[in-house]
Number of protein chains: 2
Amino acid sequence: MITLHKQGEMTQKLCSNCSLHALCMPVGLNGEEMADLDAVMKQSRRLKKGEYLFRSGEPFASLFAVRTGFFKTTVASQDGRDQVTGFLMSGELIGMDGICGQIHSCDAVALEDSEVCELPFVNLEEAGSKLPSLQTHFYKLMSREIVRDQGVMLLLGNMRAEERLAAFLLNLSQRLSDRGFAANDFILRMSREEIGSYLGLKLETVSRTLSRFQQEGWVKVEHKHIRILQPEVLKTMVAGCEHAI
Amino acid sequence: MITLHKQGEMTQKLCSNCSLHALCMPVGLNGEEMADLDAVMKQSRRLKKGEYLFRSGEPFASLFAVRTGFFKTTVASQDGRDQVTGFLMSGELIGMDGICGQIHSCDAVALEDSEVCELPFVNLEEAGSKLPSLQTHFYKLMSREIVRDQGVMLLLGNMRAEERLAAFLLNLSQRLSDRGFAANDFILRMSREEIGSYLGLKLETVSRTLSRFQQEGWVKVEHKHIRILQPEVLKTMVAGCEHAI
DNA sequence: CGCAACCTTGATTCTGATCAATAAAGGTGG
DNA sequence: CCACCTTTATTGATCAGAATCAAGGTTGCG
């Protein structure tokens, strides 16, 4: 890993040298353009499990690309209810909700020790107006988030508990597989309660539904270790709601 | 209303002369910048009630700003379930889901006779790279949509039927009031079924809940004509879920 | 005017929430 | 490294809210 030493103690990692460039911000950029993107990035930041990347209400200045690790985002209501709005893994972008209003509207929490790349938004805007392909790519990332949210709405508004859980497992499976991990054998980084919050279910329902899936022989559940034994069955279960995956 | 006559039959309406400029795309632009935005707009288009502005799967080329009228957007699943993902009124932007993928991922349908301004996306990108304030404003619009979606997730994942309906009525009330209409006396443009789909409820539940609100004296319901008699009560009901409104 | 779409209301069912008890895992400090 | 404590997960029993099924009424369009 190449690191540039700036101002003595800070180290900067480069997009142009990152294994995630096929998934993350630099998608579709040529070498020269990628160098401009390197100039956008401020520095990388490490977080311990449980640490907040930012909290709702804090001033917004930067987007963050997950480099390693795993995050959740949550929106909270004053009366304590909170809703997990997303789980984020490497190459995914956190913080786009802060652009309008210049204030973060959700919390972002590391669910395991993680590292993020900080992309100051002013730099990104400036680079975008020079680089049409970066510009376009960033529009697409925001649009993709809107489409993802539509899928979650479909899931929360229309699907039954078992369909929600099947869609959830298939979604994780797909994204892990995109990153070169096993599609059907993985560790959940989030608790049953967090899964439930994301899916609009109580943790007991998540637990029961996983147990039922296991009894049917569709998955093997060992605490947080999940093996999908019959992905086709899960796919059948959400057939007709492809959008939600 | 000033209209420019281009190519004989087409007429073009101008942002610089539109009463919605405080709510719509031109927010924060000066006169010169607004002229550039006028150049972005292709033409306006009229739709009859029930007509589709676009359908899921069609190629994406333009965003649409609602000029007059009322729209819904829906995502459909093959098995017929469909989820209303939004209701849009004047000054609001439709189609941002199409940017990633260059394909519309939802249907947009006029719920009354309507008129939209067509903003070809390539024009918008081009104008954005010249006009930083337009650029920034467009980022903010996309971000606002993401934040709105988070609110809907909170609503669908955590709230009870009566809270959802209260949040829905208050949201409509707020947006109508922003447009200079009465906040507490309005006509619903959508059916009970469409409200239910948006809120993750069945139409019978919407109907029953409205009846209960009326019995309690909080609202007066006459078919599609709604009068909010005690907005404070509705507000109390969703207190602690401000985000969802 | 007649039909179709939409709405209301009631009776019943069912899914998932709640309440509760126990078990297992993971982290902490001695 | 182990004992303890906290957090997390599983499972069962019961309950409640919303869905479903059903019937009748209203509106408005062709």
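In what follows, chains carry the letters A, B, and so on, assigned in the order in which the sequence lines appear, proteins first and then strands, with residues in each chain numbered from 1.
L203(B) has its CG atom 14 Å from the P atom of dA5(C), to the nearest Å. Taking atom CZ on R212(B) and atom C1' on dT9(C), their separation rounds to 13 Å, with Å as the unit. To the nearest angstrom, P of dG26(C) lies 10 Å from CD1 of I187(A). Rounding to whole angstrom units, CD of residue Q214(A) and P of dA9(D) are separated by 15 Å. Rounding to whole angstrom units, CD of residue E193(B) and C1' of dT8(C) are separated by 15 Å. Whole-Å rounding puts the E222(A) CD to dA9(D) C1' distance at 14 Å. In this structure, the CG atom of L188(B) is 13 Å from the C1' atom of dC6(C), given to the nearest Å. A straight line from NZ of K202(A) to C1' of dT14(D) spans 17 Å, rounded to a whole angstrom.
The side chain of K224(A) contributes no N or O atom lying less than 4.0 Å from OP1 or OP2 of dT8(D). Under 4.0 angstrom from either OP1 or OP2 of dT11(D) there lies at least one side-chain N or O belonging to S211(A). Contact annotation: T205(A) side-chain N/O to dA17(C) OP1/OP2 distance is under 4.0 Å.
Here the side chain of R164(B) pairs a donor or acceptor atom with the backbone of L156(B) at under 3.5 angstrom. Without hydrogens or angle criteria, T73(B) side chain to G86(B) main chain gives a donor-acceptor distance under 3.5 Å. Judged by distance alone, with hydrogens and angles left aside, the side-chain atoms of S197(B) form a donor-acceptor pair with the main-chain N or O of D82(B) at under 3.5 Å.
The listed nucleotides are dA17(C), dC21(D), dC19(C); the one nearest the side chain of E204(A) is dC19(C). Set against dC7(C), dT9(C), dA18(D), the side chain of R192(B) has dC7(C) as its closest nucleotide.
Side-chain N/O atoms of R208(B) and base N/O atoms of dG17(D) include no donor-acceptor pair closer than 3.5 Å. No hydrogens or angles were tested; on distance alone, nothing pairs the side chain of E194(B) with the base of dC6(C) as donor and acceptor under 3.5 Å.
Applying a 4.0 Å cut-off to non-hydrogen atoms, the residues of residues 153-167 of chain B that approach DNA chain D are R160(B), A161(B), listed by residue number.
Using a 4.0 Å heavy-atom criterion, one finds that G196(B) contacts no nucleic acid atom at all. Using a 4.0 Å heavy-atom criterion, one finds that L201(B) contacts the sugar-phosphate atoms exclusively. Within the 4.0 angstrom heavy-atom criterion, no nucleotide atom of any strand lies near G50(A).
Comment: E163(A) engages R81(B) in a salt bridge, judged by a side-chain N to carboxylate O separation of less than 4.0 angstrom. In summary, R192(B) and E204(B) do not engage in a salt bridge, as defined by a charged side-chain N under 4.0 Å from a carboxylate O. Classification of R148(A) and E145(A) as a salt-bridged pair holds, one side-chain N sitting under 4.0 Å from a carboxylate O. A salt bridge is defined here as a Lys NZ or Arg NE, NH1 or NH2 lying under 4.0 Å from an Asp or Glu carboxylate O, and E92(A) with R179(A) meets this definition.
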With B for base contact, S for sugar-phosphate-only contact and - for none (protein heavy atoms under 4.0 Å), nucleotides 24-30 of chain D reads ---S---
What side-chain donor-acceptor pairs closer than 3.5 Å can you find for residues 45-60 of chain A, not counting sequence neighbours?
unit_1	atom_1	unit_2	atom_2	d
E51(A)	OE1	K48(A)	N	2.8
E58(A)	OE1	R55(A)	N	3.3

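At a threshold of 4.5 Å between non-hydrogen side-chain atoms, the residues M190(B) and F70(B) count as touching.
Below 30°, between 30° and 60°, or above 60°: for F168(A) and F87(A) the angle between ring planes is above 60°, a perpendicular geometry.
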